[in-house]
Every structure is written in C-alpha cells, then in structure tokens.
Chemist: 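Sharing a structure, written as structure tokens. Questions coming.
The chain is numbered in sequence order, starting from 1. Note that these values count all heavy atoms, side chains included, but never hydrogens, waters or copies made by symmetry.
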Amino acid sequence: MMNFAEPTEDAGKQLRVNRATALTIACAIALVLSACSVGPGDASSPDAKIVQQFQSKDLSSHAVRSIRQATVNNLAIMPIVAAVPFGGDPLAPGAADTITADIYRQASGTWKLVPQGAVMQAAQQTQPGANLDDAAIQVGQATGADAVLYGSVERYVERVGAEYAADKPASVAFSLKLLDMKSKQVVWTAKFSKTQQPLGTNFFNLPTFLENKGQWVLASELASDGVGQAIENLRSSLGIAPNQPAASAEP
C-alpha cells in the first residue's frame, strides 16, 4: 500500500495562490471576450472604451516635424547616464550599462551603428562640464555619425522576492533623445516609466499579466520592454516601414 505524504503548509499556500490566480485569469478572459464583441464603428460603447484602456501608456514620445527630413545611416549610441532625481531610490547595480547594451542590441537590427569603442573614446574626450546635449554633438562630430541616440536612467529598482510572491515590484524609468547631426537639433524624445502592478490593483493590467504568466518580472525585463517600445516608436517617427530590410551593425 502506497503512503502519501501529508500536504505541507507551504504547499497549501501555493495551492490557494494558484486557485486565486486561476480564478482571476478566468474572470479576466471573460471580460476580454465580452470586450472583443464590439462591432466596427461602435467605439462609443462601454466595451470599446475598455479595450482602449488596454493600450500601453508606459511610453510617451515627441518628434518634431522635421524628423522626416533626417537621414540616419550611421547611428552613434552614447552610454546611458544616471540621473536620479533628488530623493529618488538609488539605482540597482549595472542599471545604466544594462539599458545601454539593450539599446545597442535592439537598434542594431535597423541602423548601422558606430562601434561602441569609438563612441566611448569620443565621449571621454568631450569638454569638461559639457551638458549631455552638447556632449552628444561633440560625439557625433568626432565619430562622423548621422545622428546620436543618448539619454538617462532616472529609476531602476529591482524586484524584491520571488517570481510569484514579490515583496516589492520592479520599477524602471529612462529618457532618450535623438540628435540629428545635420541640423544639430534634438528631433525626437521619449520617456519610459513603469512599475509592475498586480492585476488586483489595476484590472487593466491584464495583457501584461497574461504575457508575464502572472509572474513578477525583473527590472531588466521591464527595461528591455521599454527599449523595444522606444526603438519601434523611433522607427515609426523616422518613417521606417516595419518590414524594411535591416542594416547590419558594425562589429
């Protein structure tokens, strides 16, 4: 006769969590299905308004009208700098480097990138005391880039706890600018800011909740998602078609 172990207290808690999660997902899916039943042209109905609230509000951007006149073949990506506001939480270790690497990786599928070594050398030779915008102009001139992408990270707080039981959620905020070297003007800016929220706090987090499988993500995952949104927005602002062949980045 087989002996079955008595369920532990931890196992009981996990079972209750799984049941609660399953119930929440079931209710959420039911609402989505009802929202998807909105017919074309019926944007004034309550369900249509619910669907509209599913749109991402994590990224805000602005592009000047002249951005469509900018030709970006060679793009220089400056290292992201820390710019924590007074009283803000300290950045998690490696925050700026992580976002810089992610921007470089995701931008390499669209533009020919100035080698990072050349950008770093140019950045180190900028005039002492120069602000970030002036430093970007100097880097663009030194590297012969058509445009310079640069910015700052204002918040990068790591998740505290496990994937399914976080005591504190991850939170990320960063800003980006695109400088057109021909006009020496900033032609595009973007701001990403997100703190993961539980579905119970805001029911309209359903798409992210399902995408993350009900898990609490890491700050690096939030940042990567934000970089992806920003790069796609920049592509669209420059008039680059989604299916346009990608340029190869220099090694």
Side-chain angles (χ1 to χ4, degrees), residues 58-61 63 72-85 88-128 130-159 170-181 186-195 217-235 237-238 240 246-251:
D58 305 325
L59 183 79
S60 59
S61 65
V72 182
N73 292 318
N74 296 319
L75 177 65
I77 298 175
M78 289 178 59
I80 295 299
V81 300
V84 180
D89 291 327
L91 299 181
D97 291 341
T98 298
I99 295 177
T100 301
D102 222 329
I103 294 172
Y104 194 91
R105 177 179 61 81
Q106 298 198 47
S108 65
T110 299
W111 298 280
K112 184 178 181 181
L113 305 183
V114 176
Q116 286 182 308
V119 174
M120 290 295 294
Q121 183 178 3
Q124 292 171 358
Q125 295 176 351
T126 56
Q127 295 180 358
N131 60 39
L132 201 54
D133 295 327
D134 291 339
I137 293 178
Q138 295 174 40
V139 168
Q141 292 173 333
T143 60
D146 298 313
V148 181
L149 185 61
Y150 61 103
S152 59
V153 52
E154 295 86 25
R155 188 174 70 249
Y156 196 100
V157 179
E158 191 52 89
R159 179 193 75 195
S171 182
V172 172
F174 62 83
S175 304
L176 295 176
K177 293 182 179 182
L178 182 76
L179 175 75
D180 175 31
M181 287 303 300
V186 173
V187 294
W188 174 85
T189 61
K191 168 77 174 182
F192 175 81
S193 179
K194 184 171 184 178
T195 300
V217 300
L218 299 172
S220 59
E221 295 174 278
L222 280 185
S224 181
D225 177 58
V227 170
Q229 291 184 40
I231 294 299
E232 185 57 36
N233 183 278
L234 178 56
R235 282 174 53 92
S237 298
L238 287 167
I240 301 175
S248 298
E250 292 185 12

Chemist: Check for a donor-acceptor pair, side chain of Glu221 on one end and backbone N or O of Leu218 on the other, with a separation under 3.5 Å.
Modeler: yes
Chemist: Does Gln138 reach the main-chain N or O of Gln127 with its side chain, forming a donor-acceptor pair under 3.5 Å?
Modeler: yes
Chemist: Can you tell me how far the CD1 atom of Ile80 sits from the CD atom of Glu154, to the nearest 0.5 Å?
Modeler: 9.0 Å
Chemist: Can you tell me how far apart OG (Ser175) and NZ (Lys191) are? Round to the nearest 0.5 Å.
Modeler: 4.0 Å
Chemist: Taking Ser224's backbone N and O only, do any of them form a donor-acceptor pair with Gln106's side chain (distance below 3.5 Å, no angle check)?
Modeler: yes
Chemist: Report the distance from atom NZ of Lys194 to atom OG of Ser171, rounding to the nearest 0.5 Å.
Modeler: 11.0 Å
Chemist: What pairs of residues pass the salt bridge (Lys or Arg N to Asp or Glu O under 4.0 Å) test when at least one of them lies in residues 113-128, not counting sequence neighbours?
Modeler: none
Chemist: Can you find a side-chain donor-acceptor pair between Tyr150 and Asp133 that sits under 3.5 Å?
Modeler: yes
Chemist: Under a 3.5 Å distance rule, please check whether Asp58 uses its side chain to pair with a backbone N or O of Phe192 as donor and acceptor.
Modeler: no
Chemist: Roughly how far, to the nearest 0.5 Å, is CD1 of Ile77 from CG of Leu113?
Modeler: 4.5 Å
Chemist: Does some side-chain heavy atom of Leu132 sit less than 4.5 Å from a side-chain heavy atom of Met78?
Modeler: yes
Chemist: Is it the case that the side chain of Asn74 and the backbone of Asp146 share a donor-acceptor pair, with hydrogens and angles ignored and the cut-off at 3.5 Å?
Modeler: no
Chemist: To the closest 0.5 Å, what do you measure between CD1 (Ile137) and OG1 (Thr126)?
Modeler: 12.0 Å
Chemist: Are side-chain N/O atoms of Trp188 and Asp180 paired as donor and acceptor at under 3.5 Å?
Modeler: no
